[in-house]
Structures are given as structure tokens and as C-alpha cells.
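Position 1 is the first residue of the sequence, and the numbers go up from there.
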Amino acid sequence: MKTYTPDEAYARLAATCARRELAPRNVRLTLARMGLDAAAADDVLHRLEAEGFVDERRYARAFVHDKTLYDRWGRVKTRHALAQHGISARAADEALATIDDEAYAEGLHALLAAKARTLRESDARLRRLKLMRYAAGRGYEPEAIARCLPPDD
């Protein structure tokens with residue numbers, strides 16, 4: 001890969017960040033791949049943050065919005081993914097607080113209904129357990145799952 005000067009790296013990343021959100025950790029990794037040393041990478045990252053191209057909180061809000069709305073991830077899985085992207089717990093908490101509880105429950109209900117249509121299990125108790133496991137695997141909290149599932153017969 002080509003080695004970039006700090007100004008070239010800044011220009012490329014500013015253009016990229018103008019099109020989509022990037023986590024600060026991803027920017028730092030990209031700068032390292034561009035051949036910048038740690039000090040120069042820090043300078044470029046701070047400049048991008050100061051000029052509003054990179055914002056951890058904005059990235060977290062966009063990530064939470066997309067994952068809960070389009071991918072139907074629960075809060076647990078989303079929080080873990082944010083941590084994997086190097087987002088602070090505080091920024092993650094703020095972003096997760098923006099989730100509309102009613103839309104979240106509707107998304108979970110739709111997810112469970114779609115999964116229920118694919119199950120061939122005739123025993124209601126086993127169907128319920130499979131749905132609970134599925135929703136937990138998608139990152140939903142046990143309390144939210146219990147509220148969306150019909151009661152045991």
C-alpha cells in the first residue's frame with residue numbers, strides 16, 4: 001500500500017468521513033495502514049475530530065440506529081459490538097438510550113413472528129424455548145423476550 005503524508009491521509013479520511021461515519025478506532029487503524037507513525041496518526045485523528053469529521057458519539061448513535069432498525073439486533077449485542085469498535089461505555093449508553101422502546105418491542109415481536117413461522121416443532125414449550133434462544137442470540141434481554149412471547153400453555 002502507498003505511504004501517505006499526514007496531509008494526504010487527512011484529505012482522504014475527511015472525504016471518507018464526509019460520506020459515512022467511522023469509529024475513531026477504525027480511523028486510527030486506517031492511518032496505521034497508510035504508513036503514518038503513531039504521533040502523526042494522533043495529530044490527523046485529533047484534527048478530524050476537531051473539524052467534526054470523526055465523532056464517537058455520533059458514530060455510536062448511527063450504529064445503534066442501523067443495527068436495531070435494519071438488522072434487528074438487541075441492546076446486548078449492539079453494546080458488545082460498540083465495545084468491539086472501541087466506543088466508550090458512556091457513548092454506548094447514550095446511544096442505546098435513544099432506542100424507542102415501542103419500536104424496539106415491535107421489532108422483536110416481528111423477529112419472533114418470522115422465526116416462529118420457520119419452526120417445525122409441535123410442542124409449544126419447546127417452540128417457546130427455541131424462540132427465546134433465538135432472540136437471546138440476537139442480543140435481546142430476557143425481560144424483553146418474555147414480554148413479547150405468548151405465555152406457556
Side-chain angles (χ1 to χ4, degrees), residues 1-119 129-149:
M1 182 176 209
K2 176 185 171 192
T3 302
Y4 293 84
T5 67
D7 287 336
E8 290 172 334
Y10 170 81
R12 271 184 85 90
L13 284 169
T16 301
C17 291
R19 289 189 305 274
R20 66 184 181 102
E21 294 294 336
L22 289 178
R25 175 185 273 175
N26 294 347
V27 172
R28 191 175 304 280
L29 292 172
T30 301
L31 290 167
R33 281 193 302 257
M34 290 179 154
L36 272 67
D37 62 26
D42 283 342
D43 290 342
V44 171
L45 179 58
H46 291 305
R47 185 174 166 199
L48 288 166
E49 289 173 336
E51 295 182 14
F53 287 108
V54 175
D55 184 345
E56 179 182 65
R57 286 186 166 88
R58 191 176 61 219
Y59 173 82
R61 284 191 308 270
F63 187 88
V64 166
H65 174 266
D66 289 353
K67 293 302 178 183
T68 56
L69 183 64
Y70 302 120
D71 297 336
R72 295 216 173 116
W73 284 11
R75 286 184 177 100
V76 175
K77 185 173 183 173
T78 305
R79 179 183 305 278
H80 181 71
L82 285 169
Q84 292 294 316
H85 285 272
I87 302 301
S88 69
R90 184 178 199 171
D93 289 342
E94 289 174 8
L96 289 167
T98 65
I99 296 173
D100 177 38
D101 290 332
E102 190 174 313
Y104 185 74
E106 288 173 11
L108 175 57
H109 185 72
L111 183 76
L112 291 172
K115 180 63 177 175
R117 287 190 295 272
T118 67
L119 296 178
L129 287 172
K130 285 184 178 189
L131 289 172
M132 289 176 78
R133 266 190 243 116
Y134 177 74
R138 298 294 296 238
Y140 286 91
E141 307 88 340
E143 302 83 27
I145 298 167
R147 282 192 302 270
C148 286
L149 283 176

- Atom CG in Leu22, atom CG in Leu29: separation rounded to 0.5 Å? 11.0 Å
- Query: Parallel, tilted or perpendicular for His65 and Tyr70, by the 30°/60° rule?
  - Reply: perpendicular
- Do Tyr104 and Tyr140 make the cut of ring centroids closer than 6.0 angstrom? yes
- Give the minimum heavy-atom separation between Pro6 and Val44, together with the two atoms involved. O-CG2, 3.7 Å
- Message: For a quick test of reading the model, state the closest non-hydrogen atom pair linking Leu131 to Ala116 and the distance between them.
- Response: CD2-N, 3.8 Å
- Output the distance between atom NZ (Lys77) and atom OG1 (Thr68), rounded to the nearest 0.5 Å. 12.5 Å
- Message: Is it the case that atom CZ in Arg58 sees more than 12 heavy atoms from other parts of the structure closer than 6.0 Å?
- Response: yes
- Query: If you look at every heavy atom in Arg61 and Thr98, which pair is closest and at what distance?
  - Reply: CD-CG2, 4.4 Å
- Pairwise side-chain contact, Leu13 with Phe53, heavy-atom cut-off 4.5 Å (strictly under): no
- Item | Inter-residue atom distance Phe63.CZ - Leu96.CG, 0.5 Å rounding | 10.0 Å
- Message: Are Arg79 and Asp93 packed together at the side-chain level, in the sense that at least one heavy-atom pair is separated by less than 4.5 angstrom?
- Response: yes
- Message: Under a 3.5 Å distance rule, please check whether Arg138 uses its side chain to pair with a backbone N or O of Asp71 as donor and acceptor.
- Response: yes
- Query: Of the non-hydrogen atoms in Thr78 and Val64, which two are nearest, and what is the gap between them?
  - Reply: CG2-CG2, 3.8 Å
- Item | Side chain proximity check, Asp7 to Arg47, heavy atoms < 4.5 angstrom | yes
- Ala60 to Leu82 - nearest heavy-atom pair and separation: CA-CD2, 4.0 Å
- Heavy-atom pair of closest approach, residues Arg57 and Glu94: NE-OE1, 2.6 Å
- Do the side chain of Glu56 and the main chain of Ser88 share a donor and acceptor less than 3.5 angstrom apart? yes
- Item | Tyr4 six-ring centre to Arg12 NZ/CZ under 6.0 Å and within 45° of normal | no
- First locate atom SG of Cys148, then atom CD of Glu106, and finally report the distance between them rounded to the nearest 0.5 Å. 9.5 Å
- Message: Rounded to the nearest 0.5 Å, what separates atom NZ in Lys67 from atom CZ in Arg72?
- Response: 14.0 Å
- Modelled atom types, side-chain donor and acceptor of Thr30 and Arg33, under 3.5 Å: yes
- Determine whether Lys115 and Leu119 make a side-chain contact, defined as any pair of heavy atoms from C-beta on separated by less than 4.5 Å. yes
- Could you state the interatomic distance from OG1 (Thr16) to CG (Leu48), rounded to the nearest 0.5 Å? 10.0 Å
